[in-house]
Protein chains: 2
Amino acid sequence: MSISAAKVGQRLCSAGATVLAEGQATTRVYVLLAGWAFRFKSLEDGRRQILNFLLPGDLLGLQGELLARLPHGVEALTPVNLCAFGSDAVPSFFRDHPGIALDVTWLAAHEERLVDDAVLTVGRRTAMERVAALLVHLFKRAASVGLVERDSIPFPLTQLHIADALGLSVVHTNRVLQRLRKGGFIRLEDQRLAIGDLGAMRRVGQYWEQPAPLRPLL
Amino acid sequence: MSISAAKVGQRLCSAGATVLAEGQATTRVYVLLAGWAFRFKSLEDGRRQILNFLLPGDLLGLQGELLARLPHGVEALTPVNLCAFGSDAVPSFFRDHPGIALDVTWLAAHEERLVDDAVLTVGRRTAMERVAALLVHLFKRAASVGLVERDSIPFPLTQLHIADALGLSVVHTNRVLQRLRKGGFIRLEDQRLAIGDLGAMRRVGQYWEQPAPLRPLL
DNA sequence: CGGGCATTTGAGCAAGATCAAAATGGGTGG
DNA sequence: CCACCCATTTTGATCTTGCTCAAATGCCCG
């Protein structure tokens with residue numbers, strides 16, 4: 001029995017669309033099949049913080065399912081294809097398919113690891129370190145789902161997204177990116193990102209995370 | 001069948017002790033029975049970020065169990081009493097006790113919600129807002145496990161802990177706390193914290209989180 | 001009494017924010 | 001095909017929040 005047997009439908013969202021609204025009451029669980037998205041929270045006055053980015057294979061909406069109300073929003077960065085499950089999917093996994101339930105929990109633990117990392121980045125890294133660490137992180141993640149092509153990955157984020165993920169202003173983000181470009185650390189153009197020397201970038205970002213072990217689902 | 005049936009022992013740690021080491025390879029899962037602790041990550045040069053605080057009823061070590069290597073450390077703030085489980089506890093819950101497995105996942109989702117919040121705080125709130133939000137948060141959490149006594153809760157954190165949780169320097173943390181004290185917002189002395197007007201503090205902290213719904217386990 | 005940690009205070013500094021405006025660069029409707 | 005619009009990126013100038021450095025004070029405990 002694979003997880004896809006419980007699939008009840010698909011959902012498509014276009015780039016920039018709200019996939020799940022912040023604070024939404026009833027939610028379904030989805031698996032991201034294709035495209036990029038991100039989770040975020042905002043303050044009343046509009047300040048926004050991106051929590052983490054979602055790539056194919058990631059689970060969405062689990063918090064809404066378990067916690068009754070979704071405490072964050074989800075927005076698509078590119079056109080996105082979601083695999084939707086029935087409203088009783090989660091409980092039924094736990095009841096009848098312990099292997100899948102464990103996979104779901106694994107995905108939750110994995111995502112928490114990403115967010116733990118985001119706290120460290122935003123709380124203790126300098127602006128330069130933050131940008132470098134994020135770019136390395138995204139590069140590796142994209143690589144792990146097979147998105148590398150001729151040394152570069154698709155990069156659908158704007159500088160605003162980077163700023164909102166790192167707790168920086170757009171202006172400062174822009175200046176840091178320029179330093180990285182002029183230093184020859186990255187090539188970022190045409191919605192694609194290439195990193196010349198991963199080791200060097202890791203060093204500027206103080207970023208030594210090991211890639212996650214094998215991922216379940218899909 | 002209650003979760004405590006799977007208990008194989010207890011563990012006591014004294015204040016300041018390392019409960020789980022950062023990067024530790026093999027880990028057990030624990031439930032915190034009494035005392036305060038916190039999860040943290042650090043950078044090579046010693047900069048440390050506290051991810052969240054742990055109170056009685058919280059689960060520890062799940063990430064180590066699922067992800068092979070524990071990506072963060074856990075340290076005791078007060079003397080701490082842990083309920084330990086066997087090494088096969090998690091898989092056996094999923095196999096034989098779906099209700100408990102769901103509770104475990106609920107706890108994971110709940111903790112992620114806390115960390116999501118920490119990212120927002122550290123990334124987008126001002127120093128004053130951060131401190132206020134953290135104090136309100138801790139007050140409510142402590143209250144939810146019945147720690148309020150004569151309007152105040154035990155408060156075992158030093159200013160360094162607050163600083164490390166909020167991505168601030170100790171010096172600045174100190175000045176912010178003084179402003180809150182002189183403004184009559186908080187009373188913080190003798191390891192106890194009282195908040196005069198929760199609504200006012202929420203306002204200065206831009207903090208509107210709703211308390212979590214009912215928690216399982218214990 | 002002395003050592004070590006935590007808190008407090010002062011002074012100067014700097015990383016990054018803010019404000020403002022110009023340059024780019026598609027994307028679209030006429 | 002062109003003109004216009006709007007989002008994004010870039011640049012310059014100035015300001016401020018919060019950091020660093022340094023030292024004093026207070027306090028608990030052996």
Side-chain angles (χ1 to χ4, degrees), chain A residues 14-17 43 45-50 75-79 121-135 155-182 186-193 204-206, chain B residues 14-17 43 45-50 75-79 121-135 155-182 186-193 204-206:
Chain A
S14 49
L43 259 20
D45 60 10
R47 280 174 284 176
R48 179 179 73 165
Q49 177 66 41
I50 292 181
E75 193 176 310
L77 269 174
T78 65
T121 291
V122 168
R124 289 305 184 201
R125 280 189 242 250
T126 65
M128 175 58 85
E129 289 166 350
R130 290 182 211 187
V131 174
L134 176 65
L135 295 185
F155 194 82
L157 323 204
T158 67
Q159 295 185 5
L160 212 222
H161 292 123
I162 300 178
D164 280 349
L166 298 177
L168 298 172
S169 69
V170 206
V171 173
H172 199 61
T173 300
N174 177 277
R175 298 199 225 262
V176 171
L177 281 172
Q178 285 178 57
R179 279 207 276 156
L180 283 172
R181 278 199 271 242
K182 282 166 191 160
I186 59 170
R187 215 176 52 244
L188 179 51
E189 55 191 20
D190 253 356
Q191 308 262 78
R192 299 196 68 86
L193 165 69
V204 348
Q206 300 275 318
Chain B
S14 49
L43 259 20
D45 59 11
R47 280 175 284 176
R48 180 179 73 166
Q49 178 65 41
I50 291 181
E75 193 177 311
L77 270 174
T78 67
T121 291
V122 167
R124 288 305 184 200
R125 281 190 241 251
T126 66
M128 175 61 84
E129 289 166 350
R130 291 182 209 187
V131 174
L134 176 65
L135 295 184
F155 195 82
L157 323 205
T158 68
Q159 295 186 4
L160 211 222
H161 292 122
I162 302 178
D164 280 350
L166 298 177
L168 298 173
S169 70
V170 205
V171 173
H172 199 61
T173 301
N174 177 277
R175 299 197 225 263
V176 172
L177 281 173
Q178 285 178 56
R179 279 206 277 156
L180 284 173
R181 275 198 273 245
K182 281 166 190 160
I186 59 169
R187 215 175 53 245
L188 179 50
E189 55 191 18
D190 254 356
Q191 310 261 79
R192 297 196 69 84
L193 165 70
V204 348
Q206 300 274 318

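In what follows, every chain begins at residue 1, and chains take the letters A, B, ... in the order their sequences are listed. Predicted, not measured: the structure shown is a model, and the values here were computed from it.
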Roughly, in whole Å, what's the span from [atom1] in [X] to [atom2] in [N]?
{"X": "A:Leu188", "N": "D:dT8", "atom1": "CG", "atom2": "C1'", "value": "13 Å"}
{"X": "B:Leu157", "N": "C:dT7", "atom1": "CG", "atom2": "P", "value": "10 Å"}
{"X": "A:Leu160", "N": "D:dT9", "atom1": "CG", "atom2": "C1'", "value": "11 Å"}
{"X": "A:Arg124", "N": "C:dA15", "atom1": "CZ", "atom2": "C1'", "value": "15 Å"}
{"X": "B:Asn174", "N": "C:dG10", "atom1": "CG", "atom2": "P", "value": "11 Å"}
{"X": "A:Lys182", "N": "D:dT10", "atom1": "NZ", "atom2": "C1'", "value": "9 Å"}
{"X": "B:Arg179", "N": "D:dG18", "atom1": "CZ", "atom2": "P", "value": "8 Å"}
{"X": "A:His172", "N": "D:dC15", "atom1": "NE2", "atom2": "C1'", "value": "15 Å"}

Enumerate the residues from residues 161-171 of chain A whose closest heavy atom to DNA chain C is under 4.0 Å, giving them by residue number; use none for an empty result.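 Here the set is A:Gly167, A:Leu168, A:Ser169, A:Val171.
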
How do B:Arg181 and A:Arg175 order along DNA chain C: which one's closest nucleotide is nearer the 5' end?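 That would be B:Arg181.
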
Can you sort out the partners of A:Arg47 under side chain to side chain contact (heavy atoms under 4.5 Å, CB included), two or more places apart, ordered by chain and number?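 Applying side chain to side chain contact (heavy atoms under 4.5 Å, CB included) to A:Arg47 gives A:Leu43, A:Asp45, B:Arg124, B:Thr126, B:Glu129, B:Gln206.
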
Partner set under side chain to side chain contact (heavy atoms under 4.5 Å, CB included) for B:Ala17, not counting sequence neighbours: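 Listed in chain order: B:Cys13, B:Ser14.
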
Determine, step by step, whether B:Ile162 and B:Leu134 satisfy the side chain to side chain contact (heavy atoms under 4.5 Å, CB included) criterion, reporting the C-alpha distance in whole Å, the side-chain angles of both residues, the deciding distance to 0.1 Å, and the verdict. CA-CA 8 Å; B:Ile162 302 178; B:Leu134 176 65; 3.9 Å; yes

Determine: side-chain N/O of A:Gln159 to OP1/OP2 of D:dT10, distance under 4.0 Å, yes or no.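 Yes, within the criterion.
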
D:dT9 phosphate, OP1 or OP2: any side-chain N/O from A:Gln178 under 4.0 angstrom?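 Negative; the distance criterion is not met.
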
Mind checking side chain to side chain donor-acceptor pair (under 3.5 Å) for [X] and listing every partner two or more places apart, or none if nothing turns up?
{"X": "A:His161", "result": "A:Thr158"}
{"X": "A:Ser169", "result": "none"}
{"X": "B:Gln159", "result": "B:Asn174"}
{"X": "B:Arg192", "result": "B:Ser152"}

Is the backbone of A:Asp164 close enough, under 3.5 Å, to the side chain of A:Arg48 for a donor and an acceptor to pair up by distance?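 Side chain of A:Arg48 to backbone of A:Asp164, a donor-acceptor pair under 3.5 Å: no, none is there.
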
Under the 3.5 angstrom rule, does the side chain of B:Arg130 hit a backbone N or O of B:Arg125 as a donor-acceptor pair?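 Such a contact is found between B:Arg130 side chain and B:Arg125 backbone.
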
Least distance between heavy atoms, A:Val122 atom then A:Ala165 atom: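 Answer, listing the atom of A:Val122 first, then A:Ala165: CG2-O, 3.7 Å.
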
Locate the shortest heavy-atom distance separating B:Ala132 from B:Val204; write the atom from each residue and the value.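 That would be CB-CG2, 3.2 Å.
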
Considering only nitrogen or oxygen atoms on both sides, find all protein atoms under 3.5 Å from nucleotides 25-30 of chain D and state each distance.
none

Which angle, rounded to 10°, do you find between the first-five-pair axis and the last-five-pair axis of the helix from C:dC1-D:dG30 to C:dG30-D:dC1?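 The angle separating the two end axes equals 40°.
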
